[in-house]
Amino acid sequence: MIVVKIKGGLGNQMFQYAMARKLQMGLGIDRIGFDISRVNAYLQRQFSLNHFRLCDSAGVMEEGSLRNVTRIQEDLTKRLVSYLVAGRPEELAAAREKKLEPLFGLLGVVQKDHYAGAESSAFLKAHKNIFMNGWFQNAKIAESIRDVLLKEFEPAREMTEEVKSRAEEMESAESICVHIRRGDYVNHPQFGVCTDEYYFRAMEGIAQKTAHPVFYIFSDGLDEVKSMQFSYPVIYDDGNHDNYESLYLMSKCKHFIMSNSTFSWWGQFLSHNDGKIVMAPKRWCNDGHGQHKELYMQQWMLLSV
């Protein structure tokens, strides 16, 4: 079994599933188990992968069902990360995690909080139980199994008539998804990157490349976003949808203006429009070291922020 320590919001959880699914397919492991103890500890987050079809062999682990081997793997990982990686500057942490990768592999652990190198280790092939801990925000991993993920990230239940109607409207228009991340990003020293001016310039740029654009605004801070002085008419997502419903609607748009958010990332990735235009911030975060570049896709158009 591959045990995945689930953490973060829906976008992060989807990257963690993608990594686990790639490992499962590559190593021939029978099951994927989601350990949701961490995500359940944070009131602002919840486990959301259950809203997708996923593979039949993936599911939430019952409390207390972790095997002894997995408990040992998790405990050793925590100790190694705590003593040698945590609290270090980003570049040093990444370098140390990279050096530790063979040791993690020997233990049957895939640890990727900082280092985004090879997704598996030869040592892992010797293990029947693998413990995964990390963010795994890597475009190449998702792209390598794109066809699988497009099927398994389909909604598990039929959408409401209101959502289906809006999706049809988006598919019939030159729709442009504008995702404006607010919430915990406001004034965040690392992720407070995308300014109002970035979105205005992106809308202007994409309007010049499309005929009769229709801008759909998605945000976790609609009240604040509605005060922005857009140069084009916009249609707001009403904010009453669950996160997986909003993601589904985002994916039905023809083109995308992203924020520096994994939720934005999956919205554009799940789109079936081969001719989509994707505009993204040239800088993902304010760490100054080019981290998170593994999230960038070749066809994106990058704008300064």
Side-chain angles (χ1 to χ4, degrees), residues 9-12 14-15 137 139 142-143 153 166-167 169-186 188 191-239 241 243-286 292-305:
L10 177 56
N12 285 311
M14 293 169 76
F15 273 114
Q137 297 173 357
E143 287 182 291
F153 284 146
R166 177 54 63 90
E169 173 189 313
M170 291 171 163
E171 290 179 316
S172 64
E174 197 69 12
S175 52
I176 299 162
C177 166
V178 184
H179 181 240
I180 303 176
R181 177 69 180 265
R182 290 291 189 256
D184 56 353
Y185 272 29
V186 176
H188 193 291
F191 290 108
V193 169
C194 296
T195 62
D196 291 359
E197 181 62 26
Y198 159 75
Y199 292 107
F200 298 153
R201 286 188 291 109
M203 292 171 73
E204 181 67 30
I206 211 166
Q208 295 175 4
K209 299 177 181 297
T210 56
H212 311 295
V214 182
F215 293 95
Y216 290 87
I217 307 294
F218 294 83
S219 179
D220 56 349
L222 274 180
D223 290 341
E224 179 185 352
V225 168
K226 286 180 178 179
S227 67
M228 293 172 64
Q229 301 299 311
F230 296 110
S231 299
Y232 298 89
V234 299
I235 299 172
Y236 294 98
D237 178 66
D238 61 15
H241 298 127
N243 55 5
Y244 73 96
E245 293 175 317
S246 291
L247 188 64
Y248 172 81
L249 288 174
M250 289 167 64
S251 74
K252 297 304 178 183
C253 288
K254 298 283 182 63
H255 310 290
F256 299 85
I257 295 173
M258 294 177 56
S259 66
N260 55 326
S261 163
T262 55
F263 198 71
S264 275
W265 195 98
W266 284 104
Q268 61 84 33
F269 182 86
L270 296 177
S271 167
H272 289 269
N273 179 22
D274 292 334
K276 64 190 174 188
I277 300 169
V278 180
M279 291 194 168
K282 194 171 185 178
R283 186 176 73 252
W284 196 265
C285 59
N286 289 320
H292 302 280
K293 286 299 183 182
E294 62 274 10
L295 278 167
Y296 282 69
M297 302 180 73
Q298 187 173 3
Q299 67 271 29
W300 290 0
M301 299 181 64
L302 304 183
L303 296 181
S304 298
V305 288

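When all heavy atoms of Ala167 and Tyr248 are compared, the closest pair comes out as CB-CE2, 4.0 Å. Between Glu171 and Lys252, the closest heavy-atom pair is OE2-CD, 3.5 Å.
For the pair Leu270 and Leu247, the minimum side-chain heavy-atom distance is below 4.5 Å. The shortest side-chain heavy-atom distance between Met279 and Met203 does not fall under the 4.5 Å cut-off. Side chains of Asp220 and Phe263 form no contact here, defined as non-hydrogen atoms less than 4.5 Å apart. Phe200 is not listed as a side-chain neighbour of Ser231, based on a closest heavy-atom distance of 4.5 Å or more. With contacts defined as side-chain heavy-atom distances shorter than 4.5 Å, the pair Val278/Met297 does not qualify. Considering only heavy atoms from C-beta on, Met228 stays 4.5 Å or farther from Ile217 through its side chain.
Atom CG of Asp238 is surrounded by more than 12 heavy atoms from other residues, nucleotides or ligands within 6.0 Å. With a 6.0 Å radius and a threshold of 12 heavy atoms from other residues, nucleotides or ligands, His272 has its NE2 atom above the threshold.
Applying side-chain contact (heavy atoms from CB on, under 4.5 Å) to His179 and the options Phe256, Phe218, Trp265 leaves one that passes, Phe218.
Trp266 contributes a side-chain N or O that, together with a main-chain N or O of Gly11, makes up a donor-acceptor pair within less than 3.5 Å. For the pair Arg201 (side chain) and Ser304 (backbone), a donor-acceptor distance under 3.5 Å is present. A donor-acceptor distance shorter than 3.5 angstrom exists from the side chain of Ser175 to the backbone of Lys254, with no hydrogens or angles considered. The backbone N or O of Asn243 sits nowhere less than 3.5 Å from a side-chain atom of Ser246 that would complete a donor-acceptor pair. Here the side chain of Tyr198 pairs no donor or acceptor atom with the backbone of Val193 at under 3.5 angstrom. The backbone N or O of Ile176 sits nowhere less than 3.5 Å from a side-chain atom of His255 that would complete a donor-acceptor pair.
There is no side-chain donor-acceptor pair under 3.5 Å between Ser259 and Arg181.
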